[in-house]
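Side-chain atoms are counted along with the backbone in the values below, which use heavy atoms only and exclude waters and symmetry mates.
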Amino acid sequence: PAATANASTTGMVCGEYVDECRVAAHVPNGPDLWVSSRFEYLASGRFVREERGFFNRTACEQNNAWLRIKYEGTWADGDSLTPTANSSFASVDVVSVWLTLFHDEVCVEGMDGGVRCMQTNETMAGLCPCNGWTWTSGGAARERNIGMFCMPSLQCPIIHEAYLQRRHYVSYTAVAGRACFSPASTNLARGWRAPEEPKCFAKALPMTCAGPVSAAPRLP
């Protein structure tokens, strides 16, 4: 029978996915933080994820980001090692993270109608000092490879602790045109054995993985 969105189907996860504009966080007495993202599982075993940050919905819909985070790494399919009737499994190893700051200052209109300007370069310098490398763009985007410029981990703890050189585990169901993913977790049990509610995405183009993929680590 034909595969459905609820069926575990090996080799179907490959494709490009887009997570549209959404509120990522509410800032007390400040603007909501909006984010959009795209991610891709390639048949070669390569994984890419890009997230863009915005200070309001209009900027997000116009793709006028103040910050971009790009994760690159590898993924491995664990379906043959941990079979179930309802889910497939994958692990993702993040090997590099790039941060790009597009604007030194961003001004947004507050709820009271007043305009508030934020020095995003100073914010980035506080979050990721990166051994004194400047975040001031001077009118051009400023990009940093975190593993290269921001070592040791205290030079950008928010990235090192959550992403860089970390393995993430995810459960999914997939068909040629779409897939549903649970939130990724660095905790194997939470990512594979007891995953959270999945979110579904249409693929940019219907496709499957061409050829075999490598195996993820066996569950202990």
Report task. Please answer whether the main-chain N or O of Glu61 pairs with a side-chain N or O of Trp34 as donor and acceptor at a distance below 3.5 Å. Result -> no
Query raised in the report: Backbone N or O of His103 within a donor-acceptor pair of the Thr120 side chain at under 3.5 Å?
Result: yes
Query raised in the report: Angle class for the Trp192/Tyr169 ring planes (parallel below 30°, perpendicular above 60°, tilted otherwise)?
Result: perpendicular
Requested in this report: Without swapping roles, check the side chain of Lys203 against the backbone of Thr208 for a donor-acceptor pair under 3.5 Å.
Outcome: no
Requested in this report: Fit a plane to each ring of His168 and Tyr163, take the angle between them on a 0 to 90° scale, and name the class: parallel (under 30°), tilted (30 to 60°) or perpendicular (over 60°).
Outcome: parallel
Report task. For Thr136 and Asn121, test the side chains for any donor-to-acceptor distance below 3.5 angstrom and give the result as yes or no. Result -> yes
Query raised in the report: Is the SG-SG separation for the cysteine pair Cys130 and Cys156 below 2.5 Å?
Result: no
Query raised in the report: Got a second to check how far Phe149's CZ is from Trp98's CH2, nearest 0.5 Å?
Result: 7.0 Å
Query raised in the report: Is a side-chain donor or acceptor of Arg22 paired with a backbone partner of Glu20 at a separation under 3.5 angstrom?
Result: yes
Query raised in the report: Would Val97 and Val48 show up in the same hydrophobic cluster when neighbours are defined by side-chain heavy atoms closer than 4.5 Å?
Result: no
Requested in this report: Report yes or no: does His160 contribute a side-chain atom to a donor-acceptor pair with the main-chain N or O of Cys150 at less than 3.5 Å?
Outcome: yes
Report task. Please check if the distance between the ring centroids of Tyr41 and Tyr172 is under 6.0 Å. Result -> no
